[in-house]
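These values consider heavy atoms only, across backbone and side chains, with no hydrogens, waters or symmetry-generated copies.
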Amino acid sequence: AQSVTQPDIHITVSEGASLELRCNYSYGATPYLFWYVQSPGQGLQLLLKYFSGDTLVQGIKGFEAEFKRSQSSFNLRKPSVHWSDAAEYFCAVGADNGQNFVFGPGTRLSVLP
Amino acid sequence: KAGVTQTPRYLIKTRGQQVTLSCSPISGHRSVSWYQQTPGQGLQFLFEYFSETQRNKGNFPGRFSGRQFSNSRSEMNVSTLELGDSALYLCASSSSGNPNEKLFFGSGTQLSVL
């Protein structure tokens with residue numbers, strides 16, 4: 001069975017600073033990897049996904065993530081954070097049999113003005 | 001296109017009661033998944049329906065059940081409610097239910113069990 005860890009529960013950065021959110025997964029085969037963002041009281045929105053090809057993937061809102069098989073990681077990055085990026089971020093891994101995704105515990109991002 | 005719609009938005013029930021939550025997927029989407037979100041356990045997969053058939057099920061007791069109708073709308077039922085069932089229940093849909101496919105989430109139903 002697949003699993004996901006996000007080591008950082010809460011991260012605070014200043015507006016304009018760079019950001020990296022960590023995600024480590026466990027899965028026997030090539031994983032399907034996703035990053036979602038959730039604003040308070042809302043559902044989740046997909047930022048980006050990886051399942052094959054180029055290991056550096058670009059997403060919406062200026063986010064990117066890099067798949068590193070050797071480290072079982074899929075870290076999310078953004079070069080310059082905006083106040084509107086404050087939200088909770090979830091890394092998720094999917095299996096081969098449909099859409100029973102496993103989500104990480106989430107990282108809450110706070111942005112200082 | 002309208003997004004994923006979940007009703008009701010908020011629900012308050014007492015222990016022992018049962019509850020039914022509804023989810024209308026994006027038009028044309030055939031896969032509907034349900035997740036439970038709590039501060040302690042995070043997001044946990046409940047089940048997935050595809051073309052009216054339950055295709056996957058998470059590790060939840062039999063009190064949690066669901067179904068999908070021919071128009072892809074889905075309902076989730078929880079019987080004999082317990083305090084620990086208080087959570088945000090999220091529904092998500094996708095076009096064909098492939099594992100590499102994006103999920104579109106609704107805003108959720110916030111269930112409080114008193």
Side-chain angles (χ1 to χ4, degrees), chain A residues 1-10 23 25 27-54 57-60 63 65 67 74 87-108, chain B residues 2-7 9-10 21 23-26 29-51 53-60 66 68 74 88-110:
Chain A
Q2 64 269 44
S3 67
V4 180
T5 57
Q6 293 178 248
D8 305 304
I9 296 173
H10 184 203
C23 170
Y25 69 90
Y27 186 58
T30 299
Y32 303 103
L33 295 163
F34 305 79
W35 274 99
Y36 284 86
V37 61
Q38 184 179 32
S39 298
Q42 299 299 314
L44 281 72
Q45 181 185 24
L46 179 73
L47 288 174
L48 46 77
K49 63 178 181 177
Y50 170 83
F51 56 94
S52 67
D54 194 348
V57 293
Q58 304 295 322
I60 62 170
F63 286 93
F67 170 60
F74 188 56
E88 187 130 23
Y89 291 80
F90 294 92
C91 181
V93 59
D96 286 326
N97 56 338
Q99 295 201 318
N100 54 331
F101 296 104
V102 172
F103 283 81
T107 297
R108 185 162 62 93
Chain B
V4 177
T5 304
Q6 291 188 247
T7 56
R9 185 73 178 89
Y10 300 95
L21 312 182
C23 172
S24 293
I26 291 173
H29 283 193
R30 295 167 65 194
S31 171
V32 174
S33 305
W34 288 90
Y35 288 82
Q36 181 195 64
Q37 186 176 26
T38 59
Q41 299 296 317
L43 275 156
Q44 292 186 285
F45 172 76
L46 280 156
F47 27 66
E48 180 214 357
Y49 286 87
F50 183 79
S51 293
T53 300
Q54 187 180 86
R55 188 161 63 170
N56 288 290
K57 190 177 191 304
N59 294 325
F60 279 81
Q68 187 180 31
S74 177
L88 179 67
Y89 290 88
L90 291 166
C91 166
S93 74
S94 72
S95 176
S96 55
N98 292 327
N100 61 353
E101 200 174 20
K102 170 182 177 180
L103 292 177
F104 291 82
F105 282 84
S107 296
T109 293
Q110 183 67 54

So which of B:Gln110, B:Gln37, B:Arg9, B:Gln6 has the biggest tally of heavy-atom pairs under 4.5 Å with chain A?
-> B:Gln37
One option among B:Cys91, B:Ala92, B:Ser94, B:Gly3 has the most heavy-atom pairs under 4.5 Å with chain A, and it is B:Ser94
Where do B:Pro99 and A:Phe34 come nearest, in terms of heavy atoms and distance?
-> O-CZ, 3.4 Å
Which atoms of B:Tyr35 approach chain A - backbone, side chain, both or neither, heavy atom under 4.5 Å |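 B:Tyr35 touches chain A through side-chain heavy atoms alone.
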Side chain, backbone, both or neither of B:Leu43 within contact of chain A (heavy atoms, under 4.5 Å) | both
Choice from A:Pro105, A:Gly41, A:Gly106, A:Pro31 maximising heavy atom contacts with chain B below 4.5 Å =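 Heavy-atom pairs under 4.5 Å are most numerous for A:Gly41.
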Can you tell me how far [atom2] of [Y] sits from [atom1] of [X], rounded to the nearest 0.5 angstrom?
X: B:Leu103; Y: A:Tyr36; atom1: CG; atom2: OH; result: 3.5 Å
X: B:Glu101; Y: A:Leu46; atom1: CD; atom2: CG; result: 11.0 Å
X: B:Asn100; Y: A:Phe51; atom1: CG; atom2: CZ; result: 4.5 Å

Atom CD1 of A:Ile9 with >12 non-hydrogen neighbours under 6.0 angstrom = no
